[in-house]
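Because the structure is predicted, anything quoted here is derived from the model rather than measured. Every chain is numbered from 1, with letters handed out A, B, ... down the list of sequences. Just so it is clear, the values below take in all heavy atoms, side chains as well, and ignore hydrogens, waters and symmetry mates.
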Protein chains: 2
Amino acid sequence: MDKSPAPTDRQTDRSYHHGSLVDALVHAAVELIEVYGVEKLSLRAVSKKVGVSPGAPFRHFKTKSELLKAVAEQSMLRLTQAVNASLAAQTSGDPVALLGAIGRGYLNWALSNPTHFQIISSRTLIDFHSSKTLVEQNDAIYKLMLEQVTIGQAAGAIRGDASAHDLVVNARAFVYGLARMAVDRHFREWRVSGDPRQAAAEALNLYLRMIATSS
Amino acid sequence: MDKSPAPTDRQTDRSYHHGSLVDALVHAAVELIEVYGVEKLSLRAVSKKVGVSPGAPFRHFKTKSELLKAVAEQSMLRLTQAVNASLAAQTSGDPVALLGAIGRGYLNWALSNPTHFQIISSRTLIDFHSSKTLVEQNDAIYKLMLEQVTIGQAAGAIRGDASAHDLVVNARAFVYGLARMAVDRHFREWRVSGDPRQAAAEALNLYLRMIATSS
DNA sequence: CCGCGAAGTAATCACCGATTACACTCAAAC
DNA sequence: GTTTGAGTGTAATCGGTGATTACTTCGCGG
């Protein structure tokens, strides 16, 4: 249970003041969560890893939940970055393909960072709506999806028997469900074998055929 | 924070032996979770509510997680009951409608019992695969869905550009994602307003149109 | 009727989040 | 240069938690 034998992980070795405790705490928290899981995270362990007293974090984060929120904000920014990068990498201008790129970016990031995904998805670990960053970044993804669906519908490439908004929610439900099934390890009992990432990618492709107008 | 002023909730008032501590513990745990949430559940509070010493539960459940597993098993049985009931209530023999009934039963139960849904979905709170009941009941739902999809594909009512298994996983991902969005309170930031149940029902209908062959 | 195993108790351990009073340090003001 | 005060980390402590242990009590089968 000894989380860090030498507390020199990320310390500038200043005698008293740490220098950048906030960053160090967030960083250490992520590492601990990665190894032991979110629900096992304790502020004491974080403090110990950083090499600081158990009470020190409370100078910067009023509660454990606020530290998690800081972690979540950092994670959310990385998620939108990943989605944007995936979207930018999609050369084809086909709106269905672009929508797929968004979903692929989302899924890949979620499967690569299950812990972070779990945190930003939760509404019990953190107070989502109290963070401007979290709300804004989430909204950015919504708008990205809405844009592609709207364009796709106008071009007749995406089915028109529902509003663009309804289709976006529909698509998000699917991708979110897929990501959670993977992260929460539901694939096994649903007889999905092999590499989860590839399985998710293939499932996404099927969904894209479903949302596109039959050709 | 006083969870139960009078510990007479569910006690046969036998002096020493309780009589049915196991049932009483599960029942009390469910009630406490319902009010305070899973993550706040403590064995001490459960013990207190039942009117028993803090160590007593350990005679019957080796860990807190095992108590939760007992709760999960009870919940899972109720879920499959709800799904079966919804399926039985669907008079039309149309496989798409029958598949929809399964999804509707699942969603309604999840939204009516968010806490139980959260527990049986989790793989960190409980050890899912160590419970025969959990695995079997989950499998029963898979087979129910697979049956309808297979029939639907044979009748040409459900799209044939993917295997029945892939479509089942696809549908499950969608319904699961929708349920989790509702339970995890994601609807707000995705601009879904009004009654969550109706919103979920409408989203499900759209999905059913997507999985059905275009008519 | 009695004794033995099952079931609950009481005391305890190590750990947790959070609060408080206190100590140290550093930089700006004079 | 010294001083002073805000900012930052410490130490001690509180109430609560899961889990373990030794002990006590009950009540059923012989």
Side-chain angles (χ1 to χ4, degrees), chain A residues 1-4 7-29 32-33 35-71 124-127, chain B residues 1-4 7-26 28-29 32-33 35-71 119 124-127:
Chain A
M1 282 299 148
D2 189 18
K3 317 252 169 164
S4 131
T8 55
D9 260 7
R10 208 180 157 68
Q11 196 173 12
T12 342
D13 234 4
R14 287 276 217 32
S15 48
Y16 195 87
H17 283 332
H18 183 280
S20 54
L21 228 203
V22 174
D23 288 347
L25 287 172
V26 171
H27 188 265
L32 286 177
I33 294 172
V35 178
Y36 301 98
V38 212
E39 61 280 348
K40 300 265 182 196
L41 182 74
S42 80
L43 283 181
R44 297 178 111 87
V46 176
S47 308
K48 194 174 179 183
K49 190 177 179 73
V50 172
V52 100
S53 78
F58 290 93
R59 286 278 164 212
H60 307 279
F61 303 101
K62 222 178 68 182
T63 70
K64 175 183 171 181
S65 183
E66 288 206 2
L67 170 57
L68 279 178
K69 191 159 79 182
V71 173
T124 56
L125 296 173
I126 59 171
D127 182 5
Chain B
M1 278 303 147
D2 188 19
K3 316 251 167 167
S4 129
T8 55
D9 260 7
R10 211 180 156 65
Q11 197 172 11
T12 342
D13 234 3
R14 288 276 216 30
S15 46
Y16 195 87
H17 281 334
H18 183 280
S20 54
L21 228 205
V22 175
D23 289 347
L25 287 172
V26 171
L32 286 177
I33 294 172
V35 178
Y36 301 98
V38 210
E39 61 280 349
K40 300 268 181 194
L41 182 74
S42 80
L43 283 181
R44 296 178 114 86
V46 175
S47 307
K48 195 174 179 182
K49 190 177 179 73
V50 172
V52 100
S53 78
F58 290 93
R59 286 274 164 216
H60 307 279
F61 303 101
K62 221 178 70 181
T63 70
K64 175 182 171 181
S65 184
E66 289 206 1
L67 170 57
L68 279 179
K69 191 159 80 181
V71 174
I119 296 173
T124 57
L125 296 173
I126 59 172
D127 182 5

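For A:Leu43, the listed nucleotide lying nearest its side chain is C:dA18; candidates were D:dG18, D:dT10, C:dA18. If you check C:dG8, D:dG18, D:dT10 against the side chain of B:Ser42, the one that comes closest is D:dG18.
Residues forming a side chain to side chain contact (heavy atoms under 4.5 Å, CB included) with A:Ile33 (at least two apart in sequence, or on another chain): A:Val38, A:Leu41, A:Leu68, A:Thr115, A:Ile119. Residues forming a side chain to side chain contact (heavy atoms under 4.5 Å, CB included) with B:Ser53 (at least two apart in sequence, or on another chain): B:Ala56.
The distance from atom NZ of A:Lys40 to atom P of D:dT17 is 17 Å, rounded to the nearest whole Å. One atom, NZ of B:Lys48, and another, C1' of C:dG8, lie 18 Å apart when rounded to the nearest Å. Straight-line distance from the CZ atom of A:Phe58 to the C1' atom of C:dC16: 10 Å, rounded to whole Å. The nearest whole Å value for the distance from the CZ atom in A:Arg44 to the C1' atom in D:dG16 is 12 Å. A:Glu39 has its CD atom 14 Å from the P atom of D:dG18, to the nearest Å. The CG atom of B:Leu41 sits 16 Å away from the C1' atom of C:dC16 (whole-angstrom rounding).
The two residues B:Ala28 and B:Val50 make their nearest non-hydrogen contact at CB-CG2, 3.7 Å. Scanning both residues, A:Ser47 and A:Pro57, for their nearest heavy atoms gives OG-CG, 3.2 Å.
Distance CG/B:Leu67 to CZ/B:Phe61: 5.0 Å, rounded to 0.5 Å.
The stretch residues 54-71 of chain A participates, sequence neighbours left out, in these side chain to side chain donor-acceptor pair (under 3.5 Å) pairs: A:Lys69-A:Ser130.
Side-chain nitrogen and oxygen atoms of A:Ser53 include none within less than 4.0 Å of the OP1 or OP2 phosphate oxygen of D:dG9.
DNA chain C is contacted by B:Arg59, B:His60 of residues 59-70 of chain B, taking any non-hydrogen atom closer than 4.0 Å.
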